[in-house]
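Remarks on the structure that follows.
Side chains included, hydrogens not; waters and symmetry mates left out as well; all remaining heavy atoms used. Note that ligands are numbered from 1 as they come in the structure, with each ligand's atoms numbered from 1 the same way. Predicted, not measured: the structure shown is a model, and the values here were computed from it.
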Amino acid sequence: MKIALIGYGKMGREIEKIALERGHEIACIIDVNNPEKFDSPEFRSADVAIEFTSPESALHNYRKAFAANIPVVSGTTGWLERLDEVKAACENGGQTFFYASNFSLGVNIFFALSNYLARIMNRFSDYDVKMEETHHIHKLDAPSGTAITLAEGILENLERKDRWVLDKANGNDELQIKAFREGEVPGIHTVVYESDADIIRITHDAKSRKGFALGAVLAAEFTKGKKGFLGMNDMLDLQS
Ligand SMILES: NC(=O)C1=CN([C@@H]2O[C@H](COP(=O)(O)OP(=O)(O)OC[C@H]3O[C@@H](n4cnc5c(N)ncnc54)[C@H](OP(=O)(O)O)[C@@H]3O)[C@@H](O)[C@H]2O)C=CC1
Ligand SMILES: O=C(O)C1=N[C@H](C(=O)O)C[C@H](O)C1
């Protein structure tokens with residue numbers, strides 16, 4: 001398969017390695033310095049573009065790829081308030097877009113586990129719940145996209161929480177997310193349920209970016225030849 005990389009930072013480089021190991025060709029690399037490549041024959045020859053850039057540039061990159069009718073797999077976080085525009089491009093404009101706030105298999109199993117735990121905890125109101133995430137100091141957004149997905153899953157399943165808040169909850173109906181930035185941590189997410197009697201903690205701790213990158217390449221393989229708006233549940237069937 002021919003893959004175009006949009007964004008050649010920490011994730012772009014990791015994805016390149018895994019894509020080559022899996023026998024794919026990198027048709028084109030677009031970074032912040034060469035946006036003219038969107039109009040090149042190499043970019044137009046790609047089966048799929050994999051996009052990992054920044055919250056500010058993601059939507060512009062999707063529009064450029066859609067203008068060339070190239071399907072996009074993206075993991076960029078921090079832009080989801082514009083998601084409806086991308087969904088409309090898929091539903092009304094015939095484009096293809098695969099999005100995941102976290103591409104790793106382990107985190108997607110963790111999402112399913114957290115949703116299941118929240119459904120159990122719905123019956124046990126002695127427990128309050130809060131979340132923590134820790135990432136490297138270069139990260140631009142907080143809370144992480146993964147933390148937001150986890151929080152949304154808890155809110156859907158735990159009736160006593162209405163919304164998530166960053167840092168400090170002001171009432172019992174708010175789900176607190178604390179975000180820490182330390183060194184080069186690839187990503188740690190923890191959900192904590194606490195009662196007067198005890199604490200139940202579940203954690204996903206990424207050892208490196210390899211799991212994210214492998215998931216993104218698998219998503220590109222899954223996306224080839226498909227249409228519409230796709231996500232990890234389509235690929236992994238981990239609905240919970
Ligand atoms: N969904 C998932 O599984 C994961 C998601 N992420 C998310 O992916 C995104 C990228 O992460 P990461 O690779 O670590 O970040 P990096 O900062 O290491 O890489 C981003 C790259 O994109 C480049 N870039 C910025 N603007 C543009 C643009 N307009 N066009 C093309 N390239 C551009 C940057 O260039 P320059 O440095 O010169 O600005 C940089 O090379 C983040 O939002 C992060 O949260 C990360 C890991 C896993
Ligand atoms: O910026 C990162 O590094 C990561 N970003 C994603 C997020 O915001 O959830 C995924 C992963 O946690 C690493």
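Residue G145 places at least one N or O, backbone or side chain, under 3.5 Å from an N or O of ligand 2. Taking only nitrogen or oxygen atoms, main chain and side chain alike, F212 does not reach within less than 3.5 Å of ligand 1. Between H135 and ligand 2, an N or O atom pair is found at a separation short of 3.5 Å.
Residues A49 and I70 come closest through the heavy atom pair N-CG2, 3.7 Å.
Not a single heavy atom of G145 sits under 4.0 Å from any atom of ligand 1. A100 counts as a contact of ligand 1, since one of its heavy atoms falls under 4.0 Å from the ligand.
The aromatic rings of H204 and F110 sit tilted relative to each other, their planes meeting at an angle between 30° and 60°.
Using a 4.0 Å cut-off between heavy atoms, N33 makes no contact with ligand 1 at all. Here H189 has side-chain heavy atoms under 4.0 Å from ligand 2, and that is the only part of it that gets that close. If you look at K139 next to ligand 1, the close heavy atoms, those under 4.0 Å, all belong to the side chain.
Relative to atom 9 (C) of ligand 1, the option among N34, T77, T53 with the closest non-hydrogen atom is T53. Atom 41 (O) of ligand 1 has its nearest heavy-atom neighbour, among L5, D31, I6, T149, in D31.
For the pair R13 and Y8, the cation-pi criterion (under 6.0 Å, within 45° of the ring axis) is fulfilled. A cation-pi contact links K87 to F229, judged by a cut-off of 6.0 Å to the six-membered ring centre and 45° from its axis.
A side-chain donor-acceptor contact under 3.5 Å links E184 and H138. Using modelled atom types, one finds no donor on one side chain facing an acceptor on the other under 3.5 Å when comparing D126 with S195. No hydrogens or angles considered: nothing links the side chains of H135 and E182 as a donor-acceptor pair under 3.5 Å.
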